[in-house]
Amino acid sequence: MIRLTYKSHHLARRVSKSWRSLIDGRDLYLLRRQSSQTHTVACLVVGTEGKLIVLGGWDPISWDPVKDVWVYDFRLGSWRRGSDMPCARSFFAAGAVDGVVYVSGGHDASKNALRTASAYDVGKDVWVGLAEMGEGRDECEGVVVGKEFWVVGGYGTDAQGRFVGSAEVLDLGGGDGVLGGGWRRVEGVWAEGRCPRGCVGVGGDGERGVVSWADADPAVRVGACAVRVGDCTVLTGSVSPGEANGVVLVRGGKRRGC
């Protein structure tokens, strides 16, 4: 169990209640850390208008999720503490556009899947509540597509690891993206059973919904993770489990290895 890769934990949770309790517990984490098997994945990072926003994370002593927000200003070259998130959550969806950060889903300290959503105005340092999604979505992924915030995949509290193929979409248009509107559900945008964390991308023209970066190149098929850098996307992953990670650069729909 200690050597089981983190990417496989969502499947291992489905084996039995005792496995789920072990994987979610602190003791296994400590054993994995002693064996150098752990990864730092708790917080989320988004960028908008020359600022880097770090959201959430875990308390290093209790391992409970925290509400912390930190903002790095590239122009000033300094960090500042932002207003706390309205509630503590882990493995949630996040996206940013026009100086506003949107968060939704994830789970609370009791591992309950969340349906709540909030928006953070970085300039004003203010959080505003948004309409709730139609269902709770744990381990979902967020991405901004045009003037919409997409929350892709995830699963409910009683469906641990059984990822859905739908998404919920919040319209940010109308000149008041912070207040937002209602959510709409879109079916069939993601492969059922596939974890969307770190590998959701925007369609080629920015208006065609979402794509899976894991399908972009065989070299990053397993454990795909994407980071947007300017007009490029840097992909990492491997050909098969246990293989060394490769790097692929995507620009304008064209790919090349690094």
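As the structure is a computational prediction, the values presented were derived from the model and not from experiment. Position 1 is the first residue of the sequence, and the numbers go up from there.
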Closest heavy-atom pair and its distance - Arg162, Asp158: NH2-O, 3.1 Å

Heavy-atom side-chain proximity of Lys111 to Thr157 below 4.5 angstrom: no

Val239 reachable from Trp213 in the ILVMFWY side-chain graph, under 4.5 Å edges: no

Pair Asp68-Arg81, salt bridge (charged side-chain N to carboxylate O under 4.0 Å, His left out): steps then yes or no: CA-CA 8 Å; Asp68 298 359; Arg81 180 71 182 264; 3.0 Å; yes

Backbone N/O of Ser83 and side chain of Trp127: donor-acceptor pair under 3.5 Å: yes

For the student: nearest non-hydrogen atoms of Val46 and Ala94, plus distance: CG1-CB, 4.0 Å

Asp73 side chain vs Leu76 backbone, donor-acceptor pair below 3.5 Å: yes

For the student: nearest non-hydrogen atoms of Lys147 and Asp171, plus distance: O-OD1, 3.6 Å

Ser118-Arg89 side chain donor-acceptor pair, cut-off 3.5 Å: no

Exam field: side chain Asp121 to backbone Asp125, donor-acceptor pair closer than 3.5 Å: no

hydrophobic_cluster_shared for Val222 and Val220, side chain cutoff 4.5 Å: no

Under 3.5 Å: donor-acceptor pair, side chain of Ser16, backbone of Trp19: yes

Donor-acceptor contact present, side-chain Ser110 to main-chain Asn112, <3.5 Å: no

Contacts of type side-chain contact (heavy atoms from CB on, under 4.5 Å), residue Glu141, not counting sequence neighbours: Pro196, Arg197, Val200

Check: Thr48 side chain, Gly99 main-chain N or O, donor-acceptor pair, under 3.5 Å: yes

Rounded distance [0.5 Å steps], SG in Cys199 versus CH2 in Trp190: 4.0 Å

CD (Glu192) with more than 12 external heavy atoms under 6.0 Å: no

Rounded distance [0.5 Å steps], CZ in Phe149 versus OH in Tyr102: 9.0 Å

Spacing of Tyr155 atom OH and Arg137 atom CZ [to the nearest 0.5 Å]: 13.0 Å

4.5 Å side-chain heavy-atom contact, Phe74 and Leu52: yes

Single-linkage hydrophobic cluster, 4.5 Å side-chain cutoff, Val45 and Val66 together: no

Nearest heavy-atom neighbours spanning Leu55 and Val69: CD2-CG2, 3.9 Å

Ser90 and Trp58 side chains, donor-acceptor separation under 3.5 Å: yes

Distance-only donor-acceptor check, side chains Asn245 and Thr236, under 3.5 Å: no

Validation row: Met85, Phe92 side chains within 4.5 angstrom (heavy atoms): yes

Atom of Val189, atom of Ala167 and distance for their closest heavy-atom approach: CG2-CB, 3.5 Å

Sidechain-backbone polar pair: Arg184 side chain, Val169 backbone, donor-acceptor under 3.5 Å: no

Nearest heavy atoms of Val202 and Val144, plus distance in Å: CG2-O, 3.7 Å

Expected output: side-chain Ser104 to main-chain Thr116 donor-acceptor under 3.5 Å: yes

Atom pair CG (Asp138) and CG (Asp108), whose distance is rounded to the nearest 0.5 Å: 9.0 Å

Qualifying salt bridge (charged side-chain N to carboxylate O under 4.0 Å, His left out) pairs with a residue from residues 232-250, counting only residues at least two apart or across chains: none

Under 3.5 Å: donor-acceptor pair, side chain of Trp150, backbone of Val145: no

Flag side-chain contact, heavy atom, 4.5 Å: Phe91 against His107: yes

Side chain Glu168, main chain Glu135, donor-acceptor under 3.5 Å: yes

Partner of Tyr120 under side-chain contact (heavy atoms from CB on, under 4.5 Å), chosen from Val101, Val103, Val128: Val101

